[in-house]
There are 2 protein chains.
Amino acid sequence: MGRTREFDEEKVLDAAMQLFWEKGYEATSLSDLTSRMGIQRPSIYSAFGDKKELFEAALRKYTMSRASHVRTRLQNNPSVKEAFRTFFEDVVAEEYTESRSRGCFCINTMVELAPHDEKFEILTREHQMYLSVIFQETIERGIQSGELETGVNAKALSQALIVSLIGLTVIMKSRPKRSFVDNTIKVILTLLK
Amino acid sequence: MGRTREFDEEKVLDAAMQLFWEKGYEATSLSDLTSRMGIQRPSIYSAFGDKKELFEAALRKYTMSRASHVRTRLQNNPSVKEAFRTFFEDVVAEEYTESRSRGCFCINTMVELAPHDEKFEILTREHQMYLSVIFQETIERGIQSGELETGVNAKALSQALIVSLIGLTVIMKSRPKRSFVDNTIKVILTLLK
DNA sequence: TGAATAACGTACCGATAAGTATGTTATTCA
DNA sequence: TGAATAACATACTTATCGGTACGTTATTCA
C-alpha cells in the first residue's frame, strides 16, 4: 500500500550515470544530481541510498551495458582482425565527434576512486578482466578459423589489447591530433597476426 | 624590506604535489594542504595564488621532473630494447611496492581535469607529446646503431609505446594480478624489432 | 633607530556540501 | 470508505568548502 513511485528508477539512474560519467564522483553534487535526475533529494536517498551507493549503482549499470556492447561488436564480425580494427576505430571516432571527451566511466573511476576504495578497485578490475576475456575468446575464434597464427598467445595478446585500449581512451582526453591515435591503432593492431 | 619568508617554496610545493598526486584536485581541501605543507592558508595564497594555480604549479613541477627522469633512464642504456624493457618493468615494480597506487600525476589530471579545463588539456597533452619525442629519439638511436630494423616507423611506434604505458599505469590502479601486467609488457615490447 | 613593509597566525566570511526531519498528498486494502 | 502507508516537496541541520580581513611580529633600509 501507499503512494506509487512517480519516477522511472531506470531512467533516473541513467541520468545519474551520465552525470557521474561526465564529472566524476567528487565534482558531482547532490544538487547537480537532483536537477539532472528530475527528482528531489529524499527520493534519491530512498531509492538508491547515499551518494556513493548511487554512484555504485550507476557504475554497475554502465559496466553491464558496456560489456554487452563490446561483446556483440566483436562477435558480429566474421573477421577477427576486422572486428578489432572497426571496434578500435569506432571508439576513437566517437570520442572525436563529441565536443568534450567523457572517455570510459569505468576507467575514470579506476583513476579517481580505485586507489582509495577497495570496492571500486575490485569492481573496475573485474570489468576490465571481463572485457579481457571477451577479447581472448575473439582471438581464439580467429585462431580456430585460421585467420590468426596458431602460435598466438591469446590470453597475453588480449591483455595487451585491453591495456592499449585503456591508454587510447585516456590520452584522447587531452585531445591529441587525430593522426596520433590513428598511427597508434595501426601499430597496436599489428600485434594481431 | 619586510619580514623574510620562513618556509622553503620548493619544499612546500613538493608537499602540495604529493598530496594532489595522491588525492586529485577535487578531493584535496585547503585544510589538507595547510597541514601537509606545514604553512597557513594566507601563506599559500600569497606564494602560489588560489587552489587551481597551486595545483598547476605542482603539476608543472611534476612533469618537468618526470620528463628528465624518463630521459636519463632511456639515454643511459646502450641497448634500446633493454632500456625500454627495464623502464617498463621498473614502472610496474614501483607501483606494486607501494601499498596503494598513485600512478602518474599527469595521467590522473588528464582524466580528472583535461576534459573540463583547456589549460590542463594542453598541459597534459604537451607532456605526453614530449615523452613521445623522447621515446622516438631512443628508437631512432636503435635504428642508427643497427639494433632495430631500418624499416621501423619510429614516430608511430613511440606513440604506441606511450599509449601502452598510459594503459599500464591506469590499469595498475585496479591492482590486477602481477602476471597480467608482466604478460602485457612482454607483448608490447615485441613491437620493438 | 624608527618608519615602512611583508610574512605571519587567528579568526572570520558567505556559499555550498551531504544528509534528514517534517508535514502533505496520493494510493492501497481491509 | 476510511485507516494505514509510502512517496512527495519544502525546508532545515551541521559541517566543511575556498577564500580573506585584520591585527601581530619580524625584517629592512633610510
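Convention: sequence-line order gives letters A, B, ...; per-chain numbering from 1. Remember, it's a predicted structure, so these values are computed and weren't measured experimentally.
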query: Are Phe20(B) and Tyr62(B) near enough that their ring centres are under 6.0 Å apart?
result: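 Distance test on ring centres: not under 6.0 Å, no.
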With both distances under 3.5 Å as the test, what is the Watson-Crick or G-U wobble partner of [N]?
N       : result
dC12(D) : dG19(C)
dT25(C) : dA6(D)
dC17(D) : dG14(C)
dA30(C) : dT1(D)

Expressed as a whole number of angstroms, how long is the span from [X]:[atom1] to [N]:[atom2]?
X        : N       : atom1 : atom2 : value
Ile44(B) : dT10(C) : CD1   : P     : 15 Å
Phe48(B) : dG18(D) : CZ    : P     : 17 Å
Tyr45(A) : dG19(C) : OH    : P     : 4 Å

query: Is it the case that more than 12 heavy atoms not belonging to Lys23(B) sit under 6.0 Å from its NZ atom?
result: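 Above 12, so yes.
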query: What do you reckon, is CD of Glu89(A) surrounded by more than 12 foreign heavy atoms closer than 6.0 Å?
result: yes
message: Would you say Ser79(B) and Glu147(B) are linked by a side-chain donor-acceptor pair, where the criterion is simply a distance under 3.5 Å?
response: yes
Any side-chain donor near an acceptor of the partner, Arg141(B) and Gln75(B), under 3.5 Å: no
message: Ring-plane angle category for Phe55(A) and Phe120(A), please: parallel below 30°, perpendicular beyond 60°, tilted otherwise.
response: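 Phe55(A) vs Phe120(A) ring planes: perpendicular.
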Protein and nucleotides 7-17 of chain D: nitrogen or oxygen contacts under 3.5 angstrom:
unit_1, atom_1, unit_2, atom_2, d
dA7(D), N3, Arg3(A), NH1, 3.4
dC8(D), OP1, Glu6(A), N, 2.8
dC8(D), OP2, Ser43(A), OG, 3.3
dC17(D), OP1, Ser29(B), OG, 3.4

